[in-house]
Participant: 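Can you keep this structure in mind? I'll have questions shortly.
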Amino acid sequence: MTRILKSAIFVLAILYFLVDAFFLKIAKPLAVWTAKRRLFVGLRKWIVSLRPYPTLALFVIPLIVLEPVKPLAAYLIGTGRLTAGTATLVLGEIFKLVIVERLFRVCRPKLMRISMFKWCYGFWRQGVDWLTSMKAWQAIRRWKAKIKHVVQGLISRLKASRKHGQLIARSRSSI
């Protein structure tokens with residue numbers, strides 16, 4: 001395999017996982033919110049009652065069914081259907097990650113009893129740790145923190161100026 005092809009595959013793999021990392025920020029709070037709904041309490045009890053291998057099957061099904069969302073979205077975007085492709089990517093990824101995040105939180109102890117799953121999870125964790133330890137990743141996190149700080153400062157100044165403007169308007173109207 002040529003060096004260029006290897007590099008391209010590496011970049012695509014990183015982008016592939018960054019999409020999940022991005023959408024996970026949205027999916028986690030949504031998964032926590034759905035877990036609190038009464039409808040899901042009974043479902044959670046049923047899932048907890050399963051043995052390890054049925055639990056693994058239940059965990060893998062959403063991945064198998066919903067993982068093709070990314071290539072489908074890329075195809076739609078590549079064929080000029082930007083809105084449909086973007087909507088497919090956003091909705092499919094959030095839906096997949098909400099389900100997988102919730103299932104993993106509920107099923108992790110049982111899944112870790114399966115040696116192959118435990119090994120795969122350890123391998124995946126090493127990959128995530130390696131990626132997040134990269135200088136480029138750290139730089140992006142610092143930029144993100146700086147941007148967040150600046151945006152929060154702008155928002156608080158905007159709120160303060162609005163409040164100040166309202167106070168001035170009230171004092172003028174009382175005169």
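One-based numbering along the sequence shown.
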Participant: CG/Leu158 to CD1/Ile155 distance, rounded to the nearest 0.5 angstrom?
Facilitator: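 Output value for this atom pair is 8.0 Å.
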Participant: Using 0.5 Å steps for rounding, measure from the CG atom of Leu76 to the OG1 atom of Thr86.
Facilitator: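 Between Leu76 CG and Thr86 OG1, I get 9.0 Å after rounding to 0.5 Å.
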Participant: Transitively linked via ILVMFWY side-chain contacts under 4.5 Å: Val60 with Leu58?
Facilitator: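 Looking at the clustering, Leu58 is in the same group as Val60.
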Participant: Identify the heavy atoms of Ile114 and Tyr53 that sit nearest to each other, and give their distance.
Facilitator: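 Shortest heavy-atom separation between Ile114 and Tyr53 comes out as CG2-OH, 3.7 Å.
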Participant: How long is the gap from NZ on Lys135 to CD1 on Ile140, to the nearest 0.5 Å?
Facilitator: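 Result: 14.5 Å between the selected atoms.
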Participant: Work out which heavy atom in Ile99 is nearest to a heavy atom in Pro62; give both atom names and the distance.
Facilitator: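 Looking at all heavy atoms of both residues, the shortest contact is CG2-CG, 3.5 Å.
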Participant: Using 0.5 Å steps for rounding, measure from the CD atom of Glu93 to the NZ atom of Lys96.
Facilitator: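 Here the rounded value is 4.0 Å.
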Participant: Between Ile77 and Gly85, which heavy-atom pair has the shortest distance, and what is it?
Facilitator: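 That closest heavy-atom pairing would be CG1-CA, 3.8 Å.
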Participant: State, with a plain yes or no, whether a side-chain heavy atom of Val41 is found less than 4.5 Å away from one of Lys45.
Facilitator: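 They are in side-chain contact.
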Participant: Would a hydrophobic clustering, with Ile, Leu, Val, Met, Phe, Trp and Tyr connected at side-chain separations under 4.5 Å, put Trp130 with Trp119?
Facilitator: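 Trp130 and Trp119: separate clusters.
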Participant: Looking at OG1 of Thr55 and CZ of Arg108, how far apart are the two atoms once the value is rounded to the nearest 0.5 Å?
Facilitator: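 Answer for the OG1-CZ pair, Thr55 versus Arg108, is 15.0 Å.
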Participant: Indicate the atoms forming the closest heavy-atom contact of Ala73 with Leu89, along with that distance.
Facilitator: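 For Ala73 and Leu89, the tightest heavy-atom pair comes out as CB-CB, 3.6 Å.
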Participant: Please find the pair of heavy atoms, one from Leu63 and one from Pro68, that lie closest to each other, and give the distance.
Facilitator: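 Minimum heavy-atom separation between Leu63 and Pro68: O-CD, 4.2 Å.
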Participant: Could you list the residues that satisfy ring-ring contact (aromatic ring centres under 6.0 Å, His included) with Tyr121, not counting sequence neighbours?
Facilitator: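 Counting only residues at least two positions away or on another chain, Tyr121 forms a ring-ring contact (aromatic ring centres under 6.0 Å, His included) with Phe104, Trp124.
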Participant: Do the side chains of Ile64 and Phe117 join up, straight or via other hydrophobic residues, at under 4.5 Å, putting them in one cluster?
Facilitator: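 Same cluster.
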Participant: Quick check for you: to the nearest 0.5 Å, what is the distance between Thr88 atom OG1 and Lys70 atom NZ?
Facilitator: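 Spacing of OG1 (Thr88) from NZ (Lys70) equals 14.0 Å.
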Participant: Taking a hydrophobic cluster as the set of Ile, Leu, Val, Met, Phe, Trp and Tyr residues connected by side-chain heavy atoms closer than 4.5 Å, whether directly or through intermediates, do Leu97 and Leu72 fall within one such cluster?
Facilitator: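 No, it is not one cluster - the side chains of Leu97 and Leu72 are not joined through contacts under 4.5 Å.
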Participant: Any idea which heavy atoms bring Leu56 and Leu111 closest together, and the distance?
Facilitator: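 Distance-wise, the nearest heavy atoms are CA-CD2, 3.6 Å.
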Participant: Do Val150 and Lys146 come close enough that some side-chain heavy atom pair is under 4.5 Å?
Facilitator: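 No, every pair of side-chain atoms sits at 4.5 Å or beyond.
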Participant: Can you tell me if Arg125 has over 12 outside heavy atoms packed within less than 6.0 Å of its CZ?
Facilitator: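 Correct, the count exceeds 12.
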Participant: Holding to ring-ring contact (aromatic ring centres under 6.0 Å, His included), I want the full list of residues that pass it with Trp46, two or more places apart in sequence or in another chain.
Facilitator: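 For Trp46 there are no ring-ring contact (aromatic ring centres under 6.0 Å, His included) partners, ignoring immediate neighbours.
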Participant: Quick check on the hydrophobic clustering: are Ile94 and Trp33 connected, directly or via other members, by side-chain heavy-atom contacts under 4.5 Å?
Facilitator: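 Same cluster.
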Participant: Strictly distance-based, threshold 3.5 Å: is any side-chain N or O of Gln138 a donor or acceptor partner for the main-chain N or O of Thr132?
Facilitator: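 Flag set: sc Gln138 to bb Thr132 pair under 3.5 Å.
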